[in-house]
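Data block below; observations after.
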Amino acid sequence: MRIVKLDRDSRQSLLGNLLKRNTTQYPEYEARVNEIVGDVKARGDEAVFSYTARFDGAVLDASTVEVSAAEIDEAYEKVDPELLRIIRRAIGNIRAFHGNQLERSWFTTGSDGEFLGQKVTPLARAGVYVPGGKAAYPSSVLMNVIPAKVAGVEQIIMCTPCGRDGKVYPTTLVAAREAGVDRIFKVGGAQAIAAMAYGTESIPKADKIVGPGNIYVALAKRAVYGNVSIDSIAGPSEILVLADESANPEYVAADMLSQAEHDELASAICITTSLELARKVSEEIDAFVKKLERREIIEKSLENYGYILVAENMDEAVDAANEIASEHLEILTVNPFETMAKIRNAGAIFLGEYSSEPLGDYFAGPNHILPTNGTAKFFSALSVNDFLKKSSIISYSKEALGKVHKDIESFARAEGLTAHANSIAVRFENN
């Protein structure tokens, strides 16, 4: 694996290379996605069923597009009881973590009759997208659904692709039932996003759509934003490991590869202050790759977006990490908590050699739906707050308004908005 000295030029080259993975870099897909979205908006179920037949090879209609209770019962019979036990333990951890994020309405009063506050209300309906296709992702179900349940969302619908036989992965269905999904639809891709954004005869319109997906899903979410809310435009997975000479090179290599196996656009980076560690990590990666199942994907990921960068010191390494703003950041240093205090930009931060990234993916409790492509500079992990909306509450008595009405009128006139000023002044003309 390539080892590069970290300097101004290598940093800029790296950042430029990572930006190539952004969904905005694929305009050739955009027109097709917009066509699908527009067609579903116009034709509803008819378009959804047509695209499902074309892309997934499944023939659906209004009577079969929604997963039935019998299908969910059948799924439970096919899921290993041990996996079900693990899913339930993970749900407990995820629910407990997100329960700490729940905000409450609050109000304050003043001595002259002012009453101010914020009313917190859950969304009425959330739409969750869960990828399908080549693999099942029950962990993605849990991470998207549980924050919505904790927030108090009234109804949660889910769309996920089905196979040619019209069946959805049993683990996906079981995870959905355990997490609390109300309705599940066998629809994937851009057509699923459009259906949840606009509503069809079979699939109800959602207020917000969350969940990762491929380039078509990402572009569809961007296309419908404004008609509905979305969580973010998810990009390829990424990991950055900050390590000093104390780090175990085998652990560093294994953790980098845990993300490189996702897809060919995934990014795996190590920034270290030790050239010796860099060389050992490279050797460990070569050894692991030879025996891992997704070897071809990993090799292409590392070839295009894999780096081991050697920094002069940890401050330089941290500066680069903050600039990259990785989805997952592992800190394997002598004092990881001290290093963590200097981090400003990261989706999730893992501290110490026994806190590897998959711990967050599956079990610890924090959400694994995270900002990618440098958006950790201004976005956060999916949370309970994503399913809450906040209304400001304002109530003044006549006495309270009387003490400030001239200030408000003057402010409004200064902006040339005399009707604003009049709205206040008319209440005191006869006083």
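We count residues from 1, following the sequence as given.
Sorted by first then second residue, the salt bridge (charged side-chain N to carboxylate O under 4.0 Å, His left out) pairs that include residues 269-280, not counting sequence neighbours, are E276-K280. Annotation: ring-ring contact (aromatic ring centres under 6.0 Å, His included) contacts involving residues 274-318, sequence neighbours excluded, are absent. Sorted by first and then second residue, the ring-ring contact (aromatic ring centres under 6.0 Å, His included) pairs involving residues 75-107 (not counting sequence neighbours) are F107-F115. Sorted by first and then second residue, the ring-ring contact (aromatic ring centres under 6.0 Å, His included) pairs with a member in residues 188-208 form an empty list; sequence neighbours excluded.
For K300, there are no side chain to side chain donor-acceptor pair (under 3.5 Å) partners at least two apart in sequence or on another chain. Here R32 pairs with E35 under the salt bridge (Lys or Arg N to Asp or Glu O under 4.0 Å) rule; sequence neighbours left out. Considering only residues two or more places apart in sequence or on other chains, R11 meets the side-chain contact (heavy atoms from CB on, under 4.5 Å) condition with L6, L15, D319, A320, E323. Applying the side chain to side chain donor-acceptor pair (under 3.5 Å) rule to D9 yields no partners; only residues at least two apart in sequence or on another chain are considered. In this structure Y29 satisfies the ring pair (Phe, Tyr, Trp, His ring centres under 6.0 Å) test together with Y216, sequence neighbours excluded. Shown here are the salt bridge (Lys or Arg N to Asp or Glu O under 4.0 Å) partners of E296, two or more places apart in sequence or in another chain: there are none. For E71, the salt bridge (Lys or Arg N to Asp or Glu O under 4.0 Å) test picks out K186, with sequence neighbours left out.
Other residues, nucleotides and ligands contribute over 12 non-hydrogen atoms within 6.0 Å of the CZ atom of F55. Heavy-atom neighbours of F378 CZ from other residues, nucleotides or ligands within 6.0 Å: above the threshold of 12. Under a cut-off of 6.0 angstrom, the local environment of NE2 in H420 is sparse, with at most 12 non-hydrogen atoms contributed by other residues, nucleotides or ligands. The number of heavy-atom neighbours closer than 6.0 Å to CD of E201, taken from other residues, nucleotides and ligands shown, is above 12. Annotation: K119, atom NZ; neighbour count of heavy atoms from other residues, nucleotides and ligands within 6.0 Å does not exceed 12. Counting non-hydrogen atoms of neighbouring residues, nucleotides and ligands closer than 6.0 angstrom, the CZ atom of R8 reaches no more than 12 such neighbours.
Counting only heavy atoms from C-beta outward, the side chains of V33 and I193 never approach each other to under 4.5 Å. Annotation: side chain of V210 is in contact with side chain of F387 (closest heavy-atom distance under 4.5 Å). The closest side-chain heavy-atom distance from S301 to Q259 is not below 4.5 Å. A 4.5 Å side-chain heavy-atom check between Q101 and V150 finds every atom pair outside the cut-off. Between V281 and T272 the shortest side-chain heavy-atom distance does not fall below 4.5 Å. Counting only heavy atoms from C-beta outward, the side chains of I369 and D386 never approach each other to under 4.5 Å. Between P236 and N373 there is a side-chain heavy-atom pair separated by less than 4.5 Å. You'll find the side chain of T172 stays beyond 4.5 Å of the side chain of I184, heavy atoms only.
Of the possible donor and acceptor atoms, none in the side chain of S232 sits under 3.5 Å from a partner among the backbone N and O of P371. Judged by distance alone, the side chain of E327 and the main-chain N or O of E238 form a donor-acceptor pair under 3.5 Å. Panel note: side chain Q191, backbone V48; no donor-acceptor pair is recorded below 3.5 Å. Put simply, the side chain of R294 gets close to the backbone of H262: a donor and an acceptor are under 3.5 Å apart. Listed for the E330 side chain is a donor-acceptor partner under 3.5 Å among the backbone atoms of E357. Counting only distance, with no hydrogens or angles, the side chain of T200 and the backbone of I203 share a donor-acceptor pair below 3.5 Å. Of the possible polar contacts, one joining the H368 side chain to the D361 backbone as a donor-acceptor pair under 3.5 Å is found. In this structure, the side chain of D255 does not engage the main chain of S356 through any donor-acceptor pair within 3.5 Å. Of the possible donor and acceptor atoms, none in the side chain of D182 sits under 3.5 Å from a partner among the backbone N and O of I157. Side-chain atoms of N227 come within 3.5 Å of backbone N or O of A197 as a donor-acceptor pair.
Here CG of N367 is found 10.0 Å from CG of L142. Values are rounded to the nearest 0.5 Å. Taking OH of Y129 as the start and CE of M196 as the end, the distance is 8.0 Å to the nearest 0.5 Å. Put simply, OG1 on T372 and CD1 on I233 are 9.5 Å apart, with the number rounded to the nearest 0.5 Å. Considering CD of Q118 and OG1 of T108, their distance stands at 11.0 Å, rounded to 0.5 Å. The CD atom of E250 sits 11.0 Å away from atom CD of E353, with the distance rounded to the nearest 0.5 Å. Rounded to the nearest 0.5 angstrom, K390 NZ and N385 CG are separated by 4.5 Å.
The closest side-chain donor-acceptor pair between T333 and D244, if any, does not fall under 3.5 angstrom.
Salt bridge R2/E303: absent, no basic N to carboxylate O contact under 4.0 Å.
Nearest heavy-atom pair, A364 versus P366, reported as atom, atom and distance to 0.1 Å: C-CD, 3.4 Å. Counting all heavy atoms, side chain and backbone alike, T273 lies closest to M314 at CG2-N, 3.4 Å. Minimum interatomic distance between A62 and D45 (heavy atoms only, all atoms of both residues): CB-OD2, 4.4 Å. A325 and A376 make their closest contact through O-CB, 3.7 Å (heavy atoms, listed as atom of the first residue, atom of the second, distance).
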Exercise. Does the side-chain contact (heavy atoms from CB on, under 4.5 Å) test come out yes or no for S282 and I308, once each step is laid out?
Worked result: CA-CA 8 Å; S282 180; I308 301 175; 4.0 Å; yes

Problem set entry | Full working for side-chain contact (heavy atoms from CB on, under 4.5 Å) between L123 and L388 | CA-CA 6 Å; L123 302 181; L388 298 173; over 6 Å; no

For this session: Verify side-chain contact (heavy atoms from CB on, under 4.5 Å) between L84 and E178, making sure each step is shown before the conclusion.
Result: CA-CA 9 Å; L84 179 57; E178 292 291 323; 3.9 Å; yes

Which pairs of donor and acceptor atoms, one on a side chain in residues 340-352, lie under 3.5 Å apart (sequence neighbours left out)?
residue	atom	partner	partner atom	Å
K342	NZ	D315	OD1	3.2
N345	ND2	N322	O	2.8

